[in-house]
Protein chains: 4
Amino acid sequence: MPKSATRIQQKNQAAIMTAGLEVFSQFGFRGSTLDQVADAAGLSKPNLLYYFPSKDAIYTALLARLLENWLEPLHQMNDAGDPVEEILGYANRKLTMSRDFPRESRLFANEILQGAPRIKDVLAGELRALVEAKATVIKRWIAEGKIKPVDPVHLIFSIWSLTQHYADFDVQVRAILGDTDPFDTAETHLNDVFRRLLTP
Amino acid sequence: MPKSATRIQQKNQAAIMTAGLEVFSQFGFRGSTLDQVADAAGLSKPNLLYYFPSKDAIYTALLARLLENWLEPLHQMNDAGDPVEEILGYANRKLTMSRDFPRESRLFANEILQGAPRIKDVLAGELRALVEAKATVIKRWIAEGKIKPVDPVHLIFSIWSLTQHYADFDVQVRAILGDTDPFDTAETHLNDVFRRLLTP
Amino acid sequence: MPKSATRIQQKNQAAIMTAGLEVFSQFGFRGSTLDQVADAAGLSKPNLLYYFPSKDAIYTALLARLLENWLEPLHQMNDAGDPVEEILGYANRKLTMSRDFPRESRLFANEILQGAPRIKDVLAGELRALVEAKATVIKRWIAEGKIKPVDPVHLIFSIWSLTQHYADFDVQVRAILGDTDPFDTAETHLNDVFRRLLTP
Amino acid sequence: MPKSATRIQQKNQAAIMTAGLEVFSQFGFRGSTLDQVADAAGLSKPNLLYYFPSKDAIYTALLARLLENWLEPLHQMNDAGDPVEEILGYANRKLTMSRDFPRESRLFANEILQGAPRIKDVLAGELRALVEAKATVIKRWIAEGKIKPVDPVHLIFSIWSLTQHYADFDVQVRAILGDTDPFDTAETHLNDVFRRLLTP
DNA sequence: TATGAATGAGGATTCATTCAT
DNA sequence: AATGAATGAATCCTCATTCAT
């Protein structure tokens, strides 16, 4: 019954990915146990390892899936669009991701904090190339007087840090804000920041 | 000869703190082992535990020491100074800390990422109170027209995220920047960001 | 096939209980190691902990099982029976237990010697109540002239000490008696003791 | 200053013996730690080992001192005295020892429970010889009609178990008796037991 | 005589992974 | 596809003992 088997397979693999994300994003790779993941996935530990050959494989799969989507918002920044709006749009997409996918953000943060042992290549390769390409665009925008002078690479770092902060430091943000939802007010604030920084 | 005894004690305790900072800041509490800390401290594992009763005690001591200094730069923001310069000064102090004490920053980031199990109280207590106090000052500055309108709490979040990013995401930053030293250019960039955001 | 699984489980749990009894009754809780128990059970140490969550759990399970049976012989003393025979019967049942379950007796003795940290409640609760109930019966027997006057609680202590001695001090008893089986002659002796003490 | 040194030595050795008795009698040899003994003695652990070469040495010294006094009450049973009074006297001396030296009794009980690894020789040698000698005396008393027939060795066992019980099972005895002092009533009871057993 | 410092040999427990079914 | 059983390799921690002073 390959069809039904495949369906179960997909369901369980998805459950494992979700569980792994939940666990790994909080405790990091070494701080997480397969028991935690198995519990969260509602599977037995040996059954977990029927779908993924090892703890590492689950973690790596999560990282791979993450990277697929992680760069997408930056890719979408359109060379031909209105510069200020394009940059603001990127920042807003990143903020939305922090709101909707905070665990992915924390998984990424964890990996970077530990020295990015598994994704250094991606950072120095694909990511660096993408950033440099977009930096070139931004420089052109500056030269054309469409936005105020700004270090384009640090601008991108700023977008990352300002938006991801609301996912990665969520506990701290909420401890300080109390019941207020952080994202409601964050969006306005970040738009202020970038508009004043960039609008000529 | 208690003095010599104390000297050894101080030396070893300091070595353990340094080693613990190195290890815990990278791997987090659960991801670190006493073996790693002992190796880094140049001590045997039992000897380590002669100075600190447990792995947890080392980690907790590190967190405690960290928190002592962590809030200091914000405390230093002077109500009576020039608003823009005071806020910029705070941001610059934080950036300097990221440059000089990146491991402390990563230790803190690790703790927060894991849900801040040991310092939630400090966050919701001391830190929140301090932030609210400084937010009041900032609001007054805004009311007096000394700085442009801005959400004061999110302004503080922005200072944190923009500066700590250079410590916490150091690997990523360097992967993208290559040989350029991040902090040389970061300072100018951050001054641009905050000046444009705040200067009336 | 849950039945086969259960069979292995039961077999191993039983083996662990037997092994734990053997080891704990001789060395006490703190003096015993999981290695000893695992060896005696023919299991690896981690496999041991697959069936019981901790060393303490094994010990506690043994104590619990012991207490279930420990009071039974006293319960069986029948208010309506012949007083002398009832008391003698109780003593004989206790002596038989010392012969057939000496390790249980020593486990109990060990626990009491260490201050009964885990079963103080049972002693001061269930056991005390049972002793007091039976003491009331014995007092009635005395009042009715069925047995000679005797302190009923100390009588019960005497039955315990005289019989358990042959299990708890077995090594000493055998060192003195040489090849003679202690229990052969003990029974007669104890019957003499109690008959002369009680027969009006 | 040898004299003062000796004084300190004696004081500390005595303190260690007292502390060791306290600790070993409760937890047994393997269940006790040198830290516990050192704490109880008010000495540092290395200083402890200045006076006794090892943990074992302390325990062995305690056992040796114990054995010196342990057999004394039986030795005192006088062949030429009145049989019933002599045997009762012995029982009373043993009961007094249980009251005044319960820790010694428990130390002995612990050692026996563990199979008497260090004093098997004494049991099978000195003790056995003494018991046999006294058994011969008792047999003579029986033959002379001075006391009722009774198994002499088991009689001695009975004296041991009935009296030591109040030291070794102290916790249980007090749990059942509540506030009543066990020894007040025990003496009368034991006299009843032995008088009725022996008086012709 | 005394103690701070250090350590090797355990000892309880965890955990990723394998095996058998 | 699933799971109960089993294990070797850690991992935190304890403890008797030694060393240096």
Side-chain angles (χ1 to χ4, degrees), chain A residues 1 4-9 11-12 30-38 43-58, chain B residues 1-9 11-12 30-38 43-58, chain C residues 1-9 11-12 30-38 43-58, chain D residues 1 4-9 11-12 30-38 43-58:
Chain A
M1 273 173 278
S4 137
T6 296
R7 222 171 264 155
I8 290 181
Q9 220 166 8
K11 198 195 72 184
N12 281 343
R30 293 187 53 191
S32 304
T33 74
L34 277 187
D35 270 314
Q36 291 174 299
V37 179
L43 294 172
S44 70
K45 210 169 18 164
N47 202 18
L48 204 80
L49 293 165
Y50 173 79
Y51 291 100
F52 287 84
S54 69
K55 180 185 178 184
D56 201 283
I58 303 173
Chain B
M1 268 175 273
K3 212 162 189 182
S4 139
T6 296
R7 220 168 266 156
I8 291 181
Q9 224 169 9
K11 197 194 73 183
N12 282 342
R30 292 186 55 190
S32 305
T33 75
L34 277 186
D35 269 316
Q36 290 175 298
V37 179
L43 295 171
S44 71
K45 216 179 352 175
N47 201 19
L48 203 80
L49 294 164
Y50 174 74
Y51 291 99
F52 287 84
S54 67
K55 179 186 178 183
D56 199 283
I58 303 174
Chain C
M1 267 174 274
K3 214 163 187 180
S4 139
T6 296
R7 221 169 264 156
I8 291 182
Q9 223 168 12
K11 196 194 74 183
N12 282 342
R30 292 186 54 191
S32 304
T33 73
L34 277 186
D35 269 315
Q36 291 175 299
V37 179
L43 295 171
S44 71
K45 212 175 2 172
N47 201 19
L48 204 79
L49 294 165
Y50 174 74
Y51 291 100
F52 286 85
S54 68
K55 181 185 176 183
D56 200 282
I58 303 173
Chain D
M1 275 172 279
S4 136
T6 297
R7 223 170 265 154
I8 291 180
Q9 220 167 8
K11 197 195 73 186
N12 282 341
R30 293 186 55 189
S32 304
T33 74
L34 278 188
D35 271 315
Q36 291 174 299
V37 178
L43 294 171
S44 71
K45 211 169 18 164
N47 202 17
L48 204 79
L49 293 165
Y50 173 79
Y51 291 101
F52 287 84
S54 68
K55 180 185 178 184
D56 200 283
I58 303 172

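We name chains A, B, ... by the order of the sequence lines, and we start the count at 1 in each one.
The side chain of A:Tyr50 contributes no N or O atom lying less than 4.0 Å from OP1 or OP2 of F:dA2. Using a 4.0 Å cut-off, no side-chain N or O of B:Asn12 falls inside it from OP1 or OP2 of E:dG4. An OP1 or OP2 oxygen of F:dG4 is reached within less than 4.0 angstrom by no side-chain nitrogen or oxygen of C:Gln9.
Atoms CD and OH, on B:Gln9 and B:Tyr50 in that order, are 6.5 Å from each other to the nearest 0.5 Å. C:Leu43 CG to C:Leu34 CG: the interatomic distance, rounded to the nearest 0.5 Å, is 11.5 Å. Taken to the nearest 0.5 Å, the CG atom of C:Asn12 stands 10.0 Å off from the CZ atom of C:Phe52.
Here B:Lys55 pairs with nothing under the salt bridge (Lys or Arg N to Asp or Glu O under 4.0 Å) rule; sequence neighbours left out.
Taking atom CZ on A:Arg7 and atom C1' on F:dA1, their separation rounds to 16 Å, with Å as the unit. Rounded to whole angstrom, the span from the CZ atom of D:Phe52 across to the P atom of F:dA16 amounts to 16 Å. Following rounding to the nearest Å, A:Tyr51 (OH) and F:dA2 (C1') show an atom-to-atom distance of 8 Å.
Mapped onto DNA chain E by nearest heavy atom, C:Ser32 and B:Leu43 fall at different nucleotides, with B:Leu43 at the one closer to the 5' end. Annotation: of the two residues near DNA chain F, C:Asn47 and A:Arg30, the 5′-most nearest-nucleotide partner is C:Asn47. For the pair A:Leu48 and B:Thr33, both in contact range of DNA chain F, the more 5′-proximal nearest nucleotide belongs to A:Leu48.
Between C:Arg30 and D:Thr33, some side-chain heavy-atom pair lies under the 4.5 Å cut-off.
Across all non-hydrogen atoms, the minimal contact from D:Ser44 to D:Ala38 is C-CB, 4.2 Å.
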Protein and nucleotides 17-20 of chain F: nitrogen or oxygen contacts under 3.5 angstrom:
residue : atom : partner : partner atom : Å
F:dT17  : OP2  : D:Lys55 : N            : 2.8

(request) Could you summarise the pairing of DNA chain F as dot-bracket text, marking Watson-Crick and G-U pairs under 3.5 Å with ( ) or [ ] inside the strand and | across strands? (result) .||||||||||||||||||||
